[in-house]
Engineer: 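For reference, the structure I am asking about is given below.
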Amino acid sequence: MFGQLVVSGIGQGSIYALVALGMTILFRVTTVVNFGHGELFMFSAFVIYLLLNAFNVPYALAALAAIVVLFALGSAVERLLMRPLQGAPHMALAMMTVALSYLLRGVVRMAWGGDVRSVPPMFDFEPVMLGNVVLAAQDIVTIGATLLLVAVFFVLLQRSRLGKLAQAATDSARGAALIGLNVPAFHRTMWGVAAAVAAIAGILVAPVTLLYPDMGAGVLVRAFAAMTLGGFGNLGGAVAGGLLMGVLEQLAGGYVSTAMVDIASYIVIIVVLLCRPAGLFGRVERVRV
Amino acid sequence: MRMRWLTLGAIASGVMAIGLGGSARAADPGLTKDSIKIGVFGPMTGPAAAFGHAQLGIRAVYEDLNEHGGINGRKLEVVLEDTACDPAKGIAAAKKLIAQDQVFLLHGGSCSNVVMALKPDVIASGVPYVVATAANAAITDPVAPNVFQTVATTATMGRTMVDFAMTKPGAKRIAVISHSDEWGKSGHDPALVELKTKFNLTPVADVTFERGSINATPQVLQIKGANPDFIVAFLYPAEFAIFVRDAFKYGLTVPTMGSQAISIEDTAQQVGNPAIMKNVYVFYPLAAQIGEAKLARWVDIFKKYNPGVRVETNGLLGLGGAEAVIEALRRAGPDLTRAKFIAALDNMHSFDSGVLAAPLEFSPTHHAGMNGGATITYVGDKLVLIHKFTDVQK
């Protein structure tokens, strides 16, 4: 049972990691915690559902279209909802993302009701057997995509000029503008990128989780726990936190009580904030005054 | 104390029905010499609007009755209110129907939380209330003199599911999986009592699976480790589909039964693998499948008065109650009063509505009328209705 729980936890944790990754990218660049990220993830799943069922679009094309739609949606959110709040307190920005989450949920509910829907699996491979341990094809793909994405964004944000620009825009928007960076356009693009990452999560996860308007809420809480565990703003930390969260949940459910699965994430958030507020991989920020 | 209250209630309704007969009854609100006003309410909008199809069905049966001459010389006048599955709106709707529209009786409610919220006002009003499809056992337990349920309650469902599981030859090891919320417990707890009292068994595994969860691995592995003969599941549709899918993935191929919250066709579509459905059974509240001749009359009525609305289980589920209301009005006679109507329901025994899988059975101390149900399962690619596990060989 231990091996199966760990493997299943890694698969499950990859989902949390993907969602946490999108939120971390946005947080790194804009310092905004997007409480609507779970709904972006949900919305992308419904975009695929719409394209597959109403327009009979091939799966790969539907997935690509979902990424494009979510990129556009993310950019529009920045331009129409977030930019007018530029300079407003963080609480106002957070409340705007909360409002966005309920808005998206409501839109989906109006269009499709509250019923549970499904999309077919992307890959119809047989599960891989590691002794008695089952590893589903979908889990392998999700784990692979997570690792690939974190590698890509690590290079982009840590080792490229883009990363330096992001750091500049975050540290001092005015300073970044003075050296020629179009900060609003940069933020708009990064909102789009974060939403596109949510779309990738939705594409990979929709066949596993089933679709309904509230599907993003539970995953979002786990993603927050993953970010807290790994360290807010740390890409590798978000992914490691997600994977740890997944394994922790499964082991707690398997060996302690199945009721623990649902509360494990809250316990993690509380314990980490009390014992190591910067998370496992985060650094304590010190500001010289 | 409770018995004394019930007895007093029964005596009071009897006295009102028998002792005060005749002309005084004309004073009951919602009643004229040629009409009976009925307040129908349910979630017609909002996320639970699909449950509102039950109200559409109920209204259709009443309209059909009117077209065929009414009952005892009176036509039924339906006033429909929307609750949106919101307790506050439900209370407002019930108060409006009682105080402003002055209906003779209430027939509605598909969300248990709404019905539980408005129940105190309805009990205080004394207006006869036939619940549409809300299934929480606490609606009629303890019994209120004027509140009746006409679908299987969650307690009935829990007991029936255990009884069905035990029809599997040699079944001794029953596992239970449920949500830990009020709804889950309202099926889970009576199921465990049934298992203990009727079969002297305790579940070999009793695990929870929370709403919104997307992976059932720990639950499946725990149940698999207990080596059960049968699994009884009190889960909502998404979680049920995830559980049976994960069970199959990990080689747990034990018969698994879901509650009446589950549509077996939807589950089949959600899991996307017919092999998984070989072991899936679902509590089924109707007397036949929707395409079968036995339900043709009600399907036709529903379609006639609700053109364009898809006929599904929920739409027909309230019709058993509508038939019971009509029968109680008929039995109460032309000299109709609320007390006579309540007395007629209190004395309704083994009433076959034609729609529901079990007859309705009421008494002054028992207002949860439907005390059983059928089971639906796939045999090959066909759905069949069964009452015992051995009714089909899969």
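Chain letters run A, B, ... following the sequence lines, proteins first and then strands; every chain starts at 1. Just so you know, these numbers come straight off a predicted model, no measurement behind them.
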Engineer: Within a strict 4.5 Å, meaning less than it, do heavy atoms of the A/V134 and B/K249 side chains meet?
Structural biologist: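 The answer is yes, as the side chains (C-beta and beyond) meet within the 4.5 Å cut-off.
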Engineer: Can you find a heavy atom in the side chain of A/E249 that is under 4.5 Å from one in the side chain of B/N215?
Structural biologist: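 A/E249 vs B/N215: side chains apart.
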Engineer: Atom CZ of residue position B/F51 - does it have more than 12 heavy atoms of other residues, nucleotides or ligands inside 6.0 Å?
Structural biologist: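 No - once you tally the heavy atoms of other residues, nucleotides and ligands closer than 6.0 Å, there are 12 at most.
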Engineer: For B/S180, is it the side chain, the backbone, both, or neither that has a heavy atom closer than 4.5 Å to a heavy atom of chain A?
Structural biologist: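 For B/S180, neither part sits under 4.5 Å from chain A.
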Engineer: Give me the atom names and distance for the closest heavy-atom approach of B/A241 to A/L210.
Structural biologist: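 Where B/A241 meets A/L210 most closely, the heavy atoms are CB-CD1, 3.6 Å.
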Engineer: Determine, step by step, whether B/I214 and A/Q12 satisfy the side chain to side chain contact (heavy atoms under 4.5 Å, CB included) criterion, reporting the C-alpha distance in whole Å, the side-chain angles of both residues, the deciding distance to 0.1 Å, and the verdict.
Structural biologist: CA-CA 8 Å; B/I214 57 177; A/Q12 188 69 13; 2.9 Å; yes
Engineer: Do you know the tightest heavy-atom contact between B/R245 and A/P207?
Structural biologist: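 Closest heavy-atom pair between B/R245 and A/P207: NH1-O, 3.8 Å.
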Engineer: Relative to chain B, which segment of A/I15 carries a heavy atom at a distance below 4.5 Å: side chain, backbone, both, or neither?
Structural biologist: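 Contact with chain B involves the side chain of A/I15 alone.
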Engineer: Could you grab the distance from atom CG of B/L221 to atom CZ of A/F2, nearest 0.5 Å is fine?
Structural biologist: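 The CG atom of B/L221 sits 13.0 Å away from the CZ atom of A/F2.
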Engineer: Can you tell which part of A/V119 gets under 4.5 Å to a heavy atom of chain B, answering side chain, backbone, both or neither?
Structural biologist: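 A/V119 has no heavy atom closer than 4.5 Å to chain B.
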Engineer: Quick check: closest heavy atoms across A/Q250 and B/P218, and the distance to 0.1 Å?
Structural biologist: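 Here A/Q250 and B/P218 meet closest at OE1-CD, 3.2 Å.
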Engineer: Do B/E210 and A/T258 come close enough that some side-chain heavy atom pair is under 4.5 Å?
Structural biologist: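 Answer no - side chains too far apart.
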Engineer: Side chains of B/Y250 and A/S8, heavy atoms from C-beta outward: is any pair under 4.5 Å?
Structural biologist: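 They are in contact (side-chain heavy atoms under 4.5 Å apart), so the answer is yes.
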Engineer: When you measure from the side chain of B/Q222 to the backbone of A/G253, do you find a donor-acceptor pair of N or O atoms at a distance under 3.5 Å?
Structural biologist: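 Here the side-chain-to-backbone pair exists.
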